[in-house]
Engineer: 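Please find one structure pasted underneath; my questions will follow.
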Number of protein chains: 2
Amino acid sequence: MTTPKARGYHHGDLREALVVSGRKLLEDKGIRGFTLRECARRAEVSHAAPAHHFASMDDLLAELVRRGFAELTASMKAEADRIEGEPAARLVGLGVGYMAFAAANPALFQLMFSREANRIESKHGDAGADGVRRLQAAVVDEVLAHASGEVRQRAADFAWATMHGFITLVLEGEIGGRDSSRALKTRGLAALAAMAETVVRSAR
Amino acid sequence: MTTPKARGYHHGDLREALVVSGRKLLEDKGIRGFTLRECARRAEVSHAAPAHHFASMDDLLAELVRRGFAELTASMKAEADRIEGEPAARLVGLGVGYMAFAAANPALFQLMFSREANRIESKHGDAGADGVRRLQAAVVDEVLAHASGEVRQRAADFAWATMHGFITLVLEGEIGGRDSSRALKTRGLAALAAMAETVVRSAR
DNA sequence: TTTGACCTCTTTTCATCGTCAAGATTGGTA
DNA sequence: TACCAATCTTGACGATGAAAAGAGGTCAAA
């Protein structure tokens with residue numbers, strides 16, 4: 001935590017400061033309002049300083065996406081781990097963690113799952129969603145331990161699609177536009193419960 | 001179809017030409033590569049000409065989004081209408097139409113359901129997804145004619161979330177990355193079938 | 001037919017953006 | 001201590017969205 005005046009010519013930890021201010025800026029102004037120069041201003045640094053830490057704007061965005069996926073999987077894992085009982089309940093837990101992260105970081109979440117993210121990542125060869133996929137596949141496999149690979153894959157498709165679709169539509173205002181946050185959580189849990197039930201049922 | 005040389009000082013139908021070239025550009029370069037000046041170039045017109053038809057870039061994008069929603073509902077309706085039998089089958093048909101539009105217009109589809117779209121539309125007060133919501137609510141109501149309002153709302157949430165989530169994840173490459181188009185359609189239909197079955201089952 | 005108002009398009013200008021090149025400053029190391 | 005590499009600043013370039021001002025074309029009223 002450097003106070004504004006406390007630094008001289010060198011910043012000290014500009015790379016980290018840019019990640020922080022960039023993330024804030026992304027949520028404030030959206031992807032189209034995201035500007036490298038504004039990131040620099042918020043970090044109280046000249047407009048060309050970021051170039052020494054990120055080769056381009058896409059490079060900074062790629063870092064934000066990378067960290068976003070790490071946090072997303074952590075959030076899912078945390079929610080799932082606090083549930084001891086049924087694997088199906090853990091599947092709901094994954095969804096709760098997924099939606100919690102998305103609700104807390106709507107713009108970043110959208111960026112992570114946008115075509116722009118693919119364009120950005122393709123230069124770096126990274127596929128950040130693999131952690132999410134693995135985490136979910138593992139829990140689905142618990143629920144459907146005795147099912148065929150195809151059934152399990154389709155159940156994983158279905159589970160991911162439901163939780164991703166629900167929170168995406170909520171963030172865009174298409175679902176629960178005037179609902180209270182409380183009521184919305186109830187609707188989300190209902191969707192997750194229906195999803196888990198469908199996955200369980202696909203066993204037979 | 002005006003040939004390049006066939007026009008004089010006036011374009012004739014620049015507004016429509018900008019919509020066409022803008023839509024193409026959006027799919028070619030993505031939302032972050034979308035440029036008013038490039039739209040103008042593709043319409044073979046000076047960079048300031050669009051201002052007389054669209055007050056700003058957001059204005060043009062809003063028009064693209066508006067038309068996108070009209071086409072999306074039309075595509076859903078067309079697929080649903082060709083199915084005569086069970087209401088549940090029509091629900092799957094809606095999903096097929098939904099995914100077909102999204103697959104044919106991936107960038108536009110993402111824009112329609114992005115936070116940027118909300119930002120853009122809020123200036124125009126338009127909520128383009130209402131047609132989709134109504135269409136789907138109607139079919140869900142057929143399937144669940146005797147259910148309570150809450151059950152029907154949750155079924156509608158669930159149905160929309162599943163089809164939206166699935167196609168969104170496909171477009172981003174998270175589902176079926178190396179699948180053939182044929183295999184992917186099968187996976188999509190499986191997800192839609194599971195969704196319809198769950199909706200039907202929620203009746204009791 | 002003439003005229004004049006109005007639309008459409010172009011040219012010019014301005015502030016801002018991403019990126020690059022060159023120079024200033026600093027901290028560590030030999 | 002003296003150098004060197006990393007860090008940051010300044011200045012420049014081309015591109016962009018938007019606004020202003022002027023040129024070209026259309027069309028209806030006189």
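All figures in this text were calculated on a predicted structure; none of them were measured in a lab. A note on names: the letters A, B, ... follow the listed sequences, proteins ahead of strands, and every chain is numbered from 1.
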Engineer: So do the side chains of B/Ser114 and A/Glu172 get within less than 4.5 Å of each other, counting heavy atoms only?
Structural biologist: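 They are not in side-chain contact.
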Engineer: In whole Å, I'd like the distance from the CZ atom of B/Phe54 to the C1' atom of C/dC9.
Structural biologist: 15 Å
Engineer: Measuring only between side-chain heavy atoms, which start at C-beta, is A/Lys77 closer than 4.5 Å to A/Thr73?
Structural biologist: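 The answer is no, as the side chains (C-beta and beyond) never meet within the 4.5 Å cut-off.
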Engineer: Can you list, in residue-number order, the parts of residues 19-36 of chain B that come under 4.0 Å of DNA chain C, counting heavy atoms only?
Structural biologist: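 Per residue number, the list is empty: none.
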Engineer: To the nearest Å, give me how far apart NE2 (B/His52) and P (C/dC6) are.
Structural biologist: 16 Å
Engineer: Given C/dC17, D/dA18, D/dT7, which nucleotide is nearest the side-chain atoms of A/Arg41?
Structural biologist: C/dC17
Engineer: Is there a side-chain contact between B/Leu64 and B/Phe34 in this structure, where contact means two heavy atoms from C-beta onward sitting under 4.5 Å apart?
Structural biologist: yes
Engineer: Could you tell me the separation between the CG atom of A/Leu14 and the C1' atom of C/dG27, rounded to a whole number of Å?
Structural biologist: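 These atoms are roughly 16 Å apart.
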Engineer: Within this structure, what is the CD-to-C1' distance between B/Glu44 and C/dT10, rounded to whole angstrom?
Structural biologist: 15 Å
Engineer: Take atom CE of A/Met57 and atom P of C/dG18, then tell me their distance rounded to the nearest Å.
Structural biologist: 6 Å
Engineer: For a quick test of reading the model, state the closest non-hydrogen atom pair linking B/Gly22 to B/Cys39 and the distance between them.
Structural biologist: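 Of all heavy-atom pairs spanning B/Gly22 and B/Cys39, the closest is CA-SG, 3.6 Å.
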Engineer: Does any donor-acceptor pair link the side chain of B/His11 with the base of D/dG25 at a separation under 3.5 Å?
Structural biologist: no
Engineer: Give the intermediate values and the outcome of side chain to side chain contact (heavy atoms under 4.5 Å, CB included) for residues A/Arg23 and A/Leu26.
Structural biologist: CA-CA 5 Å; A/Arg23 187 157 170 174; A/Leu26 181 62; 5.7 Å; no
Engineer: Return whichever of B/His53 or B/Arg37 has its heavy-atom-nearest nucleotide of DNA chain C closer to the 5' end.
Structural biologist: B/His53
Engineer: Answer with base, sugar-phosphate or nothing: what part of the nucleic acid does A/His47 contact at a heavy-atom distance below 4.0 Å?
Structural biologist: base
Engineer: So which nucleotide from D/dA18, D/dG11, C/dC9 ends up closest to the side chain of B/Val45?
Structural biologist: C/dC9
Engineer: Mind checking if A/Arg15 touches a base, just sugar-phosphate, or nothing, with heavy atoms under 4.0 Å?
Structural biologist: nothing
Engineer: Below 4.5 Å, heavy atoms only, C-beta onward: do B/Tyr98 and B/Gln136 meet side chain to side chain?
Structural biologist: no
Engineer: Check whether any side-chain heavy atom of A/Asp58 lies under 4.5 Å from a side-chain heavy atom of B/Arg32, and answer yes or no.
Structural biologist: yes
Engineer: How long is the line joining CG of B/Asp13 and C1' of C/dT8, in whole Å?
Structural biologist: 13 Å
Engineer: How many whole angstroms separate atom CG of A/Leu61 from atom C1' of C/dC17?
Structural biologist: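 After rounding, the reported distance stands at 14 Å.
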